[in-house]
Peer 1: 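Structure provided below as structure tokens; questions to follow.
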Amino acid sequence: MDEWSKSFLESLESLVDVVDEVVVEVADIIEDFAEEWQNTIGAEIDKCLEDIFEPIIEIYLEYDEIDMTTDSDMGFTYPGDPTPERHPACMGCRHYHGQVYGGNLLVCGMHPYGWDGDNCPDWESNPSIDDDFNPF
């Protein structure tokens, strides 16, 4: 009986050695495949991504160099004083601000987008403008 268990253990040890060799060989094959894939397909993917994103990066860098301090760059074509067509209730008002921030015109503190009607309830004469200018 002792001989039988010894033979069984030897068989198990040889089986472990064979399985270990198979695992090492499979790992080597997978490693070679991964290296080949990285060298061929991975390089193609890198090139494709570079071709896609390089123009975008160039546009971004050019955009970053644009002077963003002027109001016209922010998309407004009419910053300035109110007119009869645009914010007529604000004409001659001391509260009129008329500056563009982040592409948005701030008309005044009480009515950031301007007054919709003809007579703003918060209108006050602007002392820096002639009193003859007051339309109300």
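In this text the structure is predicted, and so the values were computed from the model without any measurement. Residue numbers count from 1 along this sequence.
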Peer 1: Between Leu105 and Arg86, which heavy-atom pair has the shortest distance, and what is it?
Peer 2: CD2-NH1, 4.1 Å
Peer 1: If every non-hydrogen atom of Ala89 is compared with every non-hydrogen atom of Gly117, which pair is closest and at what distance?
Peer 2: CB-O, 3.4 Å
Peer 1: If a pair satisfies side chain to side chain donor-acceptor pair (under 3.5 Å) and one of its residues is in residues 44-56, list it, with sequence neighbours excluded.
Peer 2: Lys47-Asp51
Peer 1: Applying side chain to side chain donor-acceptor pair (under 3.5 Å), which residue pairs with at least one partner in residues 15-41 are found, sequence neighbours left out?
Peer 2: none
Peer 1: As an exercise, state the distance from OG of Ser5 to CG of Leu9, rounded to the nearest 0.5 Å.
Peer 2: 6.0 Å
Peer 1: Look at the side-chain heavy atoms of Ile, Leu, Val, Met, Phe, Trp and Tyr, link any pair under 4.5 Å apart, and say whether Val24 and Leu15 land in one connected group.
Peer 2: no
Peer 1: Kindly list each side-chain donor-acceptor pair under 3.5 angstrom involving residues 108-115, sequence neighbours excluded, with atom names and distances?
Peer 2:
unit_1 : atom_1 : unit_2 : atom_2 : d
His111 : NE2    : Asp122 : OD2    : 2.7
Trp115 : NE1    : Asn119 : O      : 3.3

Peer 1: Kindly work out whether a path of hydrophobic side-chain contacts (I/L/V/M/F/W/Y, heavy atoms less than 4.5 Å apart) joins Val22 to Val19.
Peer 2: no
Peer 1: Roughly how far, to the nearest 0.5 Å, is NE2 of His87 from CG of Asp116?
Peer 2: 9.5 Å
Peer 1: Is a side-chain N or O of Ser7 found less than 3.5 angstrom from the main chain of Glu3, in a donor-acceptor match?
Peer 2: no
Peer 1: Distance check, rounded to the nearest 0.5 Å: His97 atom NE2 versus Cys93 atom SG?
Peer 2: 13.0 Å
Peer 1: Going hydrophobic residue to hydrophobic residue with side-chain gaps under 4.5 angstrom, can you get from Ile52 over to Ile45?
Peer 2: yes
